[in-house]
Enquirer: 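Provided herewith is a single structure, encoded as structure tokens, for subsequent inquiry.
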Amino acid sequence: VKGNTVPTIKFDGEMVKKANVGEVVQFIKATVSDGAELKIYISSPGANKLESVTDCNGFKATERGIYIVRYVASDANGNFVTKTFTITVE
């Protein structure tokens, strides 16, 4: 029998909503409930897919537009929760 408890994500702070080209945007620190794994994905302006982040500290905003950052917590039973942020780069 698989457990059906959805993981939780707790954030330590707020994600920035705006940034300038050339700035490094810091990801907010997050913790997940016991046993869950956390992954961060990002989509840059004009991209049509989310890409997995290998540097969990942040990213450099290299172009103007909307960046999408998505945190995904999942457990071994296939339960998951997502939190999506949008960042406007000018």
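Not measured: the values here are computed from a predicted model.
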Enquirer: Kindly work out whether a path of hydrophobic side-chain contacts (I/L/V/M/F/W/Y, heavy atoms less than 4.5 Å apart) joins Ile42 to Phe85.
Expert: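 Shared cluster, yes.
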Enquirer: Within the supplied structure, the quantity of interest is the number of heavy atoms (other residues, nucleotides, ligands) at a distance under 6.0 Å from Phe11 CZ; does it exceed 12?
Expert: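 Above 12, so yes.
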Enquirer: Measure the spacing between NZ of Lys49 and OG of Ser44 and express it to the nearest 0.5 Å.
Expert: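 The NZ atom of Lys49 sits 10.5 Å away from the OG atom of Ser44.
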Enquirer: Supply the atom-to-atom distance Ile9 CD1 to Lys83 NZ, rounded to the nearest 0.5 angstrom.
Expert: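 The NZ atom of Lys83 is 9.5 Å from CD1 of Ile9, to the nearest 0.5 Å.
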Enquirer: Is there a side-chain contact between Glu23 and Thr62 in this structure, where contact means two heavy atoms from C-beta onward sitting under 4.5 Å apart?
Expert: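 Not in contact.
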Enquirer: Do Ser33 side-chain atoms and Pro7 backbone N/O form a donor-acceptor pair below 3.5 Å?
Expert: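 No, the answer is negative, given that no donor and acceptor are paired below the 3.5 Å cut-off.
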Enquirer: Answer with yes or no whether the hydrophobic clustering places Phe80 together with Val53; edges join I, L, V, M, F, W, Y residues whose side-chain heavy atoms lie under 4.5 Å apart.
Expert: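 No, because Phe80 and Val53 fall into different hydrophobic clusters, even though each may have its own neighbours under 4.5 Å.
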Enquirer: Find the distance between OG1 (Thr84) and CE (Met15) and round it off to the nearest 0.5 Å.
Expert: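 If we round to the nearest 0.5 Å, Thr84:OG1 and Met15:CE are 10.0 Å apart.
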Enquirer: Taking a hydrophobic cluster as the set of Ile, Leu, Val, Met, Phe, Trp and Tyr residues connected by side-chain heavy atoms closer than 4.5 Å, whether directly or through intermediates, do Ile28 and Val81 fall within one such cluster?
Expert: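 Yes: a chain of side-chain contacts under 4.5 Å links Ile28 to Val81.
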Enquirer: So, using ring pair (Phe, Tyr, Trp, His ring centres under 6.0 Å) as the criterion, who are the partners of Tyr67 when residues are at least two apart?
Expert: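 Scan of Tyr67 (ring pair (Phe, Tyr, Trp, His ring centres under 6.0 Å), adjacent residues dropped) gives Phe59.
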Enquirer: Kindly say whether Asn79 contributes a backbone atom to a donor-acceptor pair with the side chain of Asn77 at under 3.5 angstrom?
Expert: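 Flag not set: sc Asn77 to bb Asn79 has no pair under 3.5 Å.
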Enquirer: Using every non-hydrogen atom in the two residues, find where Val89 and Val21 come nearest and quote the distance to one decimal.
Expert: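 Between these two residues, the closest heavy atoms are CG1-N, 3.6 Å.
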Enquirer: How long is the span from the CG atom in Asn57 to the CZ atom in Phe27, to the nearest 0.5 Å?
Expert: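 Spacing of CG (Asn57) from CZ (Phe27) equals 9.0 Å.
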Enquirer: With rounding to the nearest 0.5 Å, note down the distance linking NZ in Lys17 to OG1 in Thr86.
Expert: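 Atom-to-atom, Lys17:NZ and Thr86:OG1 are 7.5 Å apart.
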Enquirer: Linking I/L/V/M/F/W/Y whenever any side-chain heavy atoms sit under 4.5 Å apart, do Ile68 and Ile40 land together?
Expert: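 No, because Ile68 and Ile40 fall into different hydrophobic clusters, even though each may have its own neighbours under 4.5 Å.
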Enquirer: Just how far is it from atom OG1 of Thr31 to atom CG of Asp12, taken to the nearest 0.5 Å?
Expert: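 If I round to the nearest 0.5 Å, the distance is 8.0 Å.
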Enquirer: Measuring only between side-chain heavy atoms, which start at C-beta, is Val32 closer than 4.5 Å to Tyr71?
Expert: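 A side-chain contact is absent here, since even the closest heavy-atom pair is not under 4.5 Å.
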Enquirer: So which atom in Lys18 and which in Glu90 form the shortest heavy-atom distance, rounded to 0.1 Å?
Expert: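 Shortest heavy-atom contact: NZ-OE2, 4.2 Å.
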